[in-house]
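In this text, all values refer to a predicted model and were calculated from it rather than measured experimentally.
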There are 2 protein chains.
Amino acid sequence: MNLKEFAKSIGMSQTTVSRALSGYPEVKLETRERILRLAQELGYHPNRSAAGLATGRAGAVGIVMREGLGFDPNTTEFMAGLGSRLETRQIDILITVVEDRQAELAAYRRLAASKRVDAVILHTPTLDDERMQFLKELNMPFIVHGRGDEDGGYPWLDIDNLGAMYRATGYLLDIGHKRIGLINGAKGDVFAEHREQGYRRAMKERGLQAPDMLVVNGLFTDDIGYRAMQDFLALPEPPTAVLAGSMMSALGVMRAVRSAGLQLGRDLSLIAHDDVFNYINADNMVPTVSTTRSSMREAGVRIGDIILQMLAGRDVTNHHEIWPVELVLRESTCPPPAA
Amino acid sequence: MNLKEFAKSIGMSQTTVSRALSGYPEVKLETRERILRLAQELGYHPNRSAAGLATGRAGAVGIVMREGLGFDPNTTEFMAGLGSRLETRQIDILITVVEDRQAELAAYRRLAASKRVDAVILHTPTLDDERMQFLKELNMPFIVHGRGDEDGGYPWLDIDNLGAMYRATGYLLDIGHKRIGLINGAKGDVFAEHREQGYRRAMKERGLQAPDMLVVNGLFTDDIGYRAMQDFLALPEPPTAVLAGSMMSALGVMRAVRSAGLQLGRDLSLIAHDDVFNYINADNMVPTVSTTRSSMREAGVRIGDIILQMLAGRDVTNHHEIWPVELVLRESTCPPPAA
DNA sequence: TTGAAAGCGTTACCAA
DNA sequence: TTGGTAACGCTTTCAA
C-alpha cells in the first residue's frame, strides 16, 4: 500500500495524509488523529526510499567499524544505548564493516555521496586523526565519541580519561605506592594518551619517575593483561600497584598475580577501568576490584540525544561534553606491603 | 553530483552509465571500464534512496535487537563477520533497537512496509517463536541464526548444540564422572533446550540421573556462573564436573571453585562453550579450559553468504545448515577425584 | 551497443 | 486548513 492508495481509501488527499504523519502543524488535530489511527490500523508506513529521495534525508546514522580492532563488546553496549534513543524517532543505525582505515574513508565517501545516512559517529579518535577533516570536506555531519579538538568545529563527547587516571594514580600514591604500572590502550589512541598523561602528571607532582617499562600499550584483552603483569613481576623492582585499562585486561592481571602466588589487595593493588557490562562485574571478583567507572551505554544514549538535535537543525558544532569518571574503591587496593 | 550531471560530464547517456555501474552485460567492456574509472575519480555514487525507489530494494539487511537481553558481545562478533561479507556488495546492516518482543514485531512491520531492508536476520529463536510466522505474513525474507523448523519454509544456520553437549557430557562420563552440572542459557531458548537434550541423552544412555538441581538456566554472565557453582558446591553431593554455557559463565565457575579452595582439573572438571573472542581465551586460563568451540564470527560470514544468495533471487527456503562443534580438551578436565 | 523517457512513492511548493 | 502537482534521482522498458 502506498500513500496514494492509503489516502484514497480514507478519503483524504495525499498532501494532508503526508503532513499528518510527519507531524506538520497545519493539520487540524482531529484530522491528524484520525489519519494516525487509520495508518496504524491499516499498517501504512511511508516508503523510506521515496521519503528519502524527496527530503534528501535517510533516516539513519552510520557507524563504520574496522573488522579486527575497534569491534569489541563496548561497541555493543554503546549501540544499545544509542539505538534505544534513536528508536524514539525511528532513526536506525547503519553499520558498515571495513577492513582498514583506508576502506573506512572510502566508506564515508560512499555513505555521503549516496546519501545513505544523515550523520555518522566516529569512535576512538587517534592523534592526527584524518577522519574529521575528511568528513568535513564531504559535508557529512558527524559527532565524535572520544576527545576531539576544542576548536575543531564539530561536536564530541568524551569521558575524563586524564582526570580519571590522575585521580586513580593519585589515590595509589596517597596510600604509599611509588611504583605503579599502567596497562593502557593502543599508542596513538587519544583516550590512551590522555590516560597516560593523567598517570604521568600525578607521578610527576610527587616527584616520582614513571619509567617506560611500567607503561604497556595494547589491546584490552585478557591475554595482554596477563603478559603485561608477568613482565611487571619479572622486573627487579616490580610495581606495587597496577592500573588496567579494562575489565578484560584486569582478568589477565588477576591471573598473573595468582600464578605468582601473590594476593591482590594485600601484596599488590589494582584499579581497572570499567565500562559497565552486565556480564562481568567488578563487585563479583575476588577480591572485588576498585575501578574508574563510566557507562558506555549511557554515552550511547547521550550521543543519540545530540544527534537528534543535529538532525533537527540545531547548531551543535561547538557542543563538547566531558563526563566525569567515578573512582570506586573496593578490595583490590591497599597500601604497598612493607618493604 | 547526480547521474544526469555525471553522465553529461563524461559525455554518456544516463542509461549507459547506470548499466555500466550496475554491471549489466550489454555495455561494451571498454565503455564500462571507462565509466567505472571516471566514477571512481569523480567520486560519483548513485543516490541510494533513488535507486531504492526505482528498484524496490534497500541495499541493507536488518537486525532488530532487544535492549537488555540478546545484546551481548556475541552480537558484535557476529556482525563483524556478517558485515565483512556484505560489504563486498555494498550491502549495509541496519540495526534497530527495541525494548521488548512486542516492539520487535512492530519494528519488523515498519521495516517491511517502508521497504527499509531487503531481509532480516533473526537471532536466538525460542520455543513457539512467533517471529517466523509473522515475517512470512509480512512477506519479508529472513534467515534464522539458530535452529528453525525442518519444514518451516525458511533458511537457518545453527551449530550442533545437542551434539556438542552430548559429546562433552559423554566424555566426562567416560572418564568416570557421574554427577555433572549444567549451566545453561535461558529456559525456552531453543539452543539451550538442545544443549540440555544432549546432556540428558548422554546421561540417560549410561543409566544416570540428571536431577533438576544440577541444571541451571540464566544469562551467560560471570555472576550467574559464580552463583550456580556455589549452589552446586553446597549440595550434599556436589557434581564432580560442570558444563558452562559460555566463557563468561566459566569465569564465574572458576572463581567459585577457587573460593572453595578447590582446584579445577584436579578436584573438579569444567568444559565451557566458547564462541571465540579475541579478548578472552580458553588457552590462557589457569588451568586452561576445555571447550566446545564454534566461531560466532564465521557464522556471521556464512549467513552473509546465504543472504547474498537470497538477494540474488536464489531459492534458499530449504537451506538448513548445522555446524559441527569441536571439543577441545585442555587442563580443566580430569577424572573425578577418588571418593 | 546505446539512448529517450516513463515510472517508482514521497514531500513540499503554490493555490484555494 | 486542505488539495493539486512538480520535483527528487534512479532504473528499466522500448526503440533505434
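Not one side-chain nitrogen or oxygen of A:Tyr24 sits closer than 4.0 Å to the OP1 or OP2 atom of D:dT2. Proximity of B:Tyr44 to the phosphate of D:dC10: a side-chain N or O atom is located under 4.0 Å from OP1 or OP2. In this model, the phosphate group of D:dT11 is approached by a side-chain N or O of B:Ser18 to a distance below 4.0 Å at OP1 or OP2. Between A:Thr15 and D:dG3 there is no side-chain polar atom (N or O) within less than 4.0 angstrom of OP1 or OP2.
B:Arg57 has its CZ atom 20 Å from the P atom of D:dG9, to the nearest Å. Atoms NZ (A:Lys115) and C1' (D:dC10) sit 14 Å apart, rounded to a whole Å. Residue A:Phe6 contributes atom CZ, which lies 12 Å from atom P of C:dT11 at whole-angstrom precision. Following rounding to the nearest Å, B:Arg32 (CZ) and C:dT1 (P) show an atom-to-atom distance of 10 Å. Following rounding to the nearest Å, A:Gln14 (CD) and C:dT11 (P) show an atom-to-atom distance of 10 Å. Here D:dG3 presents its P atom at 12 Å from CD of A:Glu26, a figure rounded to the nearest Å. Rounded to a whole Å, the CE atom of B:Met12 is 7 Å from the P atom of C:dT2. For A:Leu21 and C:dA12, the CG to P distance is 13 Å, given to the nearest whole Å.
Below the 3.5 angstrom threshold, one finds no donor paired with an acceptor across the side chain of A:Thr16 and the base of D:dG3.
Nearest-nucleotide positions on DNA chain C place A:Asn47 closer to the 5' end than the other of A:Asn47 and A:Arg19. For the pair A:Thr31 and B:Arg48, both in contact range of DNA chain D, the more 5′-proximal nearest nucleotide belongs to A:Thr31. Along DNA chain C, the nucleotide nearest B:Gly11 and the nucleotide nearest B:Leu53 are compared for position; the residue whose nucleotide lies closer to the 5' end is B:Gly11.
Between B:His319 and B:Tyr154, the ring center distance fails the sub-6.0 Å criterion.
Each end of the helix from C:dT1-D:dA16 to C:dA16-D:dT1 gets its own rotation axis from five pairs of C1' atoms, and the angle between them is 30° to the nearest 10 degrees.
At most 12 heavy atoms of other shown residues, nucleotides or ligands fall within 6.0 angstrom of atom CZ in B:Arg109. In A:Arg302, the CZ atom is crowded: over 12 heavy atoms of neighbouring residues, nucleotides or ligands sit closer than 6.0 Å.
Of the candidate nucleotides C:dA4, C:dT11, D:dG4, D:dG4 has the atom nearest to the side chain of A:Ser13. When each of C:dT1, C:dT10, D:dT11 is scored by its nearest atom to the side-chain atoms of A:Leu3, the top-ranked nucleotide is C:dT10. Here D:dT11 is the nucleotide among D:dT11, C:dT10, D:dT2 with the atom lying nearest to any side-chain atom of B:Ala51.
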*Decide yes or no on side-chain hydrogen bond (donor to acceptor under 3.5 Å, both in side chains) for A:Ser49 and B:Ser49, but give the supporting numbers first.*
CA-CA 4 Å; A:Ser49 292; B:Ser49 292; 5.4 Å; no

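Between A:His145 and A:His123, the ring-plane angle classifies as perpendicular under the 30° and 60° cut-offs.
Residue pairs meeting the side-chain hydrogen bond (donor to acceptor under 3.5 Å, both in side chains) criterion with at least one partner in residues 15-29 of chain A, sequence neighbours excluded, are A:Ser13-A:Thr16.
Salt bridge annotation for B:Glu5-B:Lys8: absent, with no cationic side-chain nitrogen under 4.0 angstrom from a carboxylate oxygen.
When only modelled atom types and interatomic distance are considered, B:Asp92 and A:Thr96 share a side-chain donor-acceptor pair under 3.5 Å.
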